[in-house]
Amino acid sequence: MPTLAVERDALFESLGRTYTDEEFDELCFEFGVELDEITSEREEALKSSTVKLSKDEIAALSENVIYKIDMPANRYDLLCIEGLSRALRIFLGEMDAPSYEVISVPESDMTVMTVKPATLQIRPFVVCAILRDVKFTEQRYKSFIDLQDQLHRNLCRQRTLVAIGTHDMDTVKGPFSYDARPGGDIEFVPLTHSASGDSFNATSLLEHYETSPTCKHLKPYVPIIKDSPVYPVVLDAEESVMSLPPIINGSKSKITLDTTNVFIECTATDLTKANIVLDTVVSMFSEYAAKPFSVEPVLVNFVNDSGDVVKSYITPQMYTRKERADVDFVNSIIGIDITAERMVDLCNKIQLGPATLATNPQDGKPQLEVTVPPTRSDILHPVDIAEDIGIAYGYNNIVKRVPNTATVGSEQPLNTLGDLLREEIASAGYTEVLSHGLCSIRDNFTALRRNISAAVSLSNPANVEYQVVRTTLLPGLLKTLQHNKSASFASGFKLFEISDVVLPDHEHVVTDTIVGAKNIRKLCAVYAGPTSGFEIIHGLVDRIMTLTEIAPEEEYIKNSTKGQEEKYRVAREGWFYTIRELKEEDGHPSSGTYFPGRAAQVLLTTPSSERVSIGTFGILHPEVLGNFDIQYPSSSLELNLESLL
């Protein structure tokens with residue numbers, strides 16, 4: 001979760017009162033955030049193991065107390081001192097939640113941002129706003145920059161989704177344009193070189209940022225656009241470069257303490273997130289405008305190659321919306337029993353007011369209708385409303401009581417079976433592994449000589465190794481063997497895993513939401529050594545069946561010298577197993593994985609079902625071993641554990 005570092009004295013000044021550290025810690029808890037650390041710049045420097053400063057440099061650092069406060073990851077409105085102090089004062093009832101106003105401007109008089117069609121190649125969206133007559137102080141200016149950094153790290157995903165640009169509007173001339181051009185055609189003085197006045201084209205600037213130690217803070221953002229044939233650029237009416245998003249702003253339009261009119265532009269690959277970011281910045285710093293909490297809109301026009309407007313919208317949106325939650329639902333989620341009228345009052349403490357009472361049209365029960373301001377993009381569901389009402393009510397005020405149910409928690413039977421089998425199989429000399437749940441299509445199907453079939457796949461995998469959710473545990477064990485070729489195989493190398501695979505399922509669902517997939521708990525074991533070890537794997541099958549109290553069928557044991565001993569086996573009534581040769585003509589999906597004539601199916605009979613195949617074992621096909629670069633003959637076993645319960 002993000003951490004906000006604020007100077008204690010500045011925060012208390014914004015709150016209009018002081019607290020002891022203990023009192024402020026308690027206030028943070030009541031509000032739903034956490035005071036993580038109390039420190040100072042000098043103390044941070046002394047504790048740092050990476051930043052080494054001289055004694056003089058350390059002495060020059062401030063000893064002002066800094067509060068480091070952990071914020072919920074979805075509360076973007078709390079990532080600056082303005083948002084935090086405002087929210088706390090509203091929570092304490094010391095001020096009302098502000099109403100945000102988009103100043104009414106005739107469309108013909110609006111500032112215009114024109115978006116050129118070339119931007120579709122790289123960052124296709126832009127949203128803008130103007131703050132008029134803002135008064136900056138050194139503290140406000142620092143907070144303004146810090147909020148942008150916080151949003152870039154979190155919601156903007158390191159500027160890959162959204163990049164914020166802020167400009168002194170009095171230094172540039174509208175209307176503005178957003179274009180994408182080859183790097184060599186973009187020439188400007190970047191903000192990092194304001195003092196020297198050095199000018200760069202975009203291509204050479206990115207190369208400079210990649211190699212210069214003084215600009216290492218910008219290096220992580222260079223790959224976002226470096227390989228693109230065109231770079232995004234924001235220009236004013238005189239073709240002066242205002243910004244090269246998502247890298248750096250131009251020096252000409254830089255914000256200073258003397259800036260009064262601020263032009264904000266957010267370029268993005270995700271329009272929804274761009275609007276959230278813009279609304280957040282505007283709502284936090286519009287309080288410093290001549291008319292507090294007001295913002296001037298900008299008309300964004302998208303044009304085609306002929307210059308004709310094909311689409312347009314006005315930003316910022318600053319939408320205020322209504323959301324509903326059943327009163328009974330809120331009470332049940334929190335574990336309280338308060339009236340609907342009390343909930344209406346609590347909504348004012350959490351910036352969800354004004355709230356009103358309504359009636360659920362389906363069952364006629366009372367509903368709470370709250371007003372969600374543009375700062376609360378995290379309110380998506382009635383659960384979010386219930387959570388905030390719980391905070392306003394006070395978690396410490398919730399009465400502890402014994403649940404009405406009389407149940408005792410215990411481990412799921414499937415987990416119990418898995419734990420018992422792990423211990424027994426490990427005692428048999430096998431080493432347990434835990435392999436990744438995602439794998440490539442090649443490893444899951446082709447390398448095992450299986451036909452590619454339905455599997456849960458990732459729409460945007462990080463790389464080729466994470467294309468599908470595994471449908472078999474075998475690739476993980478074979479890759480473990482592959483990466484342990486230096487180990488001794490003289491006495492055999494035994495591995496096993498008990499874990500879940502995921503199979504497509506459009507019929508049997510546990511909830512009302514059909515997810516189209518189900519988890520299956522499986523056991524897989526592999527033996528590799530000087531010989532194939534078929535008899536070792538076969539013995540493991542019999543051992544597992546003995547442990548799960550399943551008796552062999554008479555035909556299966558009639559040639560065994562230990563047939564008489566089976567009279568004394570502890571077994572469940574009506575549960576039997578046998579093995580049958582696995583032939584390619586049987587059409588079993590795993591038949592190609594094994595050497596022909598050296599594989600078998602495990603068949604299970606229960607009181608409620610006829611013989612069903614619950615797994616296979618056998619000697620692995622040489623081609624499979626070659627696909628995983630395994631140099632020793634190997635045998636494997638894979639069983640469905642859920643069938644053994």
Side-chain angles (χ1 to χ4, degrees), residues 73 120-124 152-163 206-207 209-211 216 218-232 245-247 268-270 272-273 432-487 495 497-505 515-520 522 524 526 589-590 592-593 620-621 623-631 634 636 638:
L120 290 170
Q121 302 177 62
I122 184 161
R123 296 174 78 86
H152 278 151
R153 283 194 295 270
N154 295 282
L155 179 59
C156 301
R157 296 293 187 270
Q158 298 293 351
R159 307 190 190 182
T160 56
L161 299 181
V162 185
L206 295 189
E207 292 173 355
Y209 285 159
E210 276 192 316
T211 57
K216 62 182 180 181
L218 295 173
K219 182 179 178 180
Y221 310 120
V222 172
I224 299 174
I225 63 171
K226 184 182 178 183
D227 294 332
S228 173
V230 291
Y231 296 158
I247 310 299
T269 58
D270 186 318
T272 300
K273 286 184 169 55
E432 185 177 12
V433 301
L434 182 62
S435 58
H436 206 290
L438 300 176
C439 62
S440 67
I441 293 176
R442 174 190 178 276
D443 289 344
N444 197 73
F445 297 108
T446 311
L448 295 178
R449 301 182 77 244
R450 299 180 183 181
N451 295 327
I452 297 176
S453 58
V456 177
S457 60
L458 276 67
S459 60
N460 186 27
N463 57 56
V464 73
E465 292 294 321
Y466 305 119
Q467 292 177 311
V468 296
V469 185
R470 63 187 176 187
T471 61
T472 170
L473 300 179
L474 187 55
L477 296 186
L478 296 182
K479 294 187 81 170
T480 303
L481 288 177
Q482 177 186 355
H483 289 90
N484 285 273
K485 289 185 288 188
S486 60
L495 300 174
E497 180 175 6
I498 296 176
S499 193
D500 283 4
V501 300
V502 178
L503 302 178
D505 176 28
V515 296
K518 62 180 177 181
N519 284 34
I520 300 292
K522 287 195 174 186
C524 189
V526 169
S590 63
T593 303
L620 293 174
H621 196 284
E623 188 177 325
V624 173
L625 298 179
N627 290 336
F628 288 93
D629 196 20
I630 298 172
Q631 301 171 356
S634 306
S636 71
E638 188 161 26

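Scope of the values below: all heavy atoms of this structure, side chains included, with no hydrogens, waters or symmetry mates.
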### Summary
Contacts of Arg470 meeting salt bridge (charged side-chain N to carboxylate O under 4.0 Å, His left out) (sequence neighbours excluded), chain-then-number -> Glu497
### Task
Spell out, as yes or no, whether a donor-acceptor pair under 3.5 Å connects the side chain of Asn444 to the backbone of Cys439.
no
### Query
Taking only residues two or more places apart in sequence, or in another chain, which ones meet Glu207 in a side-chain contact (heavy atoms from CB on, under 4.5 Å)?
Thr203
#### Entry: With sequence neighbours excluded, residues passing side-chain hydrogen bond (donor to acceptor under 3.5 Å, both in side chains) with Asn627
none
### Task
Sort and list the pairs that fulfil salt bridge (charged side-chain N to carboxylate O under 4.0 Å, His left out) and have at least one residue in residues 152-161, not counting sequence neighbours.
none
### Query
Looking at OG1 of Thr471 and NZ of Lys522, how far apart are the two atoms once the value is rounded to the nearest 0.5 Å?
7.0 Å
### Message
Please enumerate all residues that pass salt bridge (charged side-chain N to carboxylate O under 4.0 Å, His left out) together with Lys273, with sequence neighbours excluded.
### Response
Asp270
### Query
Considering residues at least two apart in sequence or located in another chain, which fulfil the side-chain hydrogen bond (donor to acceptor under 3.5 Å, both in side chains) criterion with Lys219?
none
### Task
To the nearest 0.5 angstrom, please state how far the CG atom of Leu161 sits from the CZ atom of Arg123.
8.0 Å
### Task
For the residue pair Val433 and Leu477, establish whether any side-chain heavy-atom pair is separated by less than 4.5 Å.
yes
### Query
Taking atom CG of Leu473 and atom OG of Ser499, what is their separation to the nearest 0.5 Å?
6.0 Å
### Query
Listed by chain and number, what are the side-chain contact (heavy atoms from CB on, under 4.5 Å) partners of Lys485, not counting sequence neighbours?
Asp629, Gln631
### Task
Verify, without hydrogens or angle tests, whether Tyr231 (side chain) and Lys226 (backbone) share a donor-acceptor contact under 3.5 angstrom.
yes
### Query
So do Leu438 and Val469 actually touch side chain to side chain, heavy atoms under 4.5 Å?
yes
### Query
Would you call Leu620 and Leu474 a side-chain contact if the rule is heavy atoms closer than 4.5 Å?
yes
### Message
The criterion is side-chain hydrogen bond (donor to acceptor under 3.5 Å, both in side chains); which residues satisfy it with Glu638, sequence neighbours excluded?
### Response
Thr472
Donor-acceptor contacts, no H, no angles, side chain residues 445-460, under 3.5 Å, sequence neighbours left out:
| unit_1 | atom_1 | unit_2 | atom_2 | d |
| --- | --- | --- | --- | --- |
| Arg449 | NE | Glu623 | OE1 | 3.4 |
| Arg449 | NH1 | Gly592 | O | 2.5 |
| Arg450 | NE | Thr593 | OG1 | 2.9 |

### Message
Tell me every residue that passes side-chain hydrogen bond (donor to acceptor under 3.5 Å, both in side chains) with Asn484, counting only those two or more places apart in sequence or in another chain.
### Response
none
#### Entry: Nearest atoms (heavy-atom pairs only) where Leu503 meets Ile520
CD1-CG1, 3.8 Å
### Task
Just grab all the ring pair (Phe, Tyr, Trp, His ring centres under 6.0 Å) pairs involving residues 447-483, residues at least two apart or on different chains.
His436-Tyr466
### Ile224 and Gln158, any side-chain heavy atoms less than 4.5 Å apart
no
### Summary
Heavy atoms of Pro124 and Leu120 approach each other most closely as CB-CD2, 4.0 Å
### Query
For Ala268 and Val162, which heavy atoms make the closest approach, and how far apart are they?
CB-CG2, 3.9 Å
### Query
Got a sec, which pairs hit salt bridge (charged side-chain N to carboxylate O under 4.0 Å, His left out) with one end in residues 453-463, sequence neighbours left out?
none
### Non-hydrogen atoms of Pro232 and Pro245 that approach each other most closely
CG-O, 2.9 Å
### Message
Just so I know, are the side chains of Leu481 and Leu495 near enough to count as touching, which here means a heavy-atom distance under 4.5 Å?
### Response
yes
### Message
Run the side-chain contact (heavy atoms from CB on, under 4.5 Å) test on Ile225 and Ile122 for me, step by step, so that the C-alpha distance in whole Å, both residues' side-chain angles and the decisive distance to 0.1 Å come before the verdict.
### Response
CA-CA 8 Å; Ile225 63 171; Ile122 184 161; 3.5 Å; yes
### Query
So do the side chains of Pro229 and Gln121 get within less than 4.5 Å of each other, counting heavy atoms only?
yes
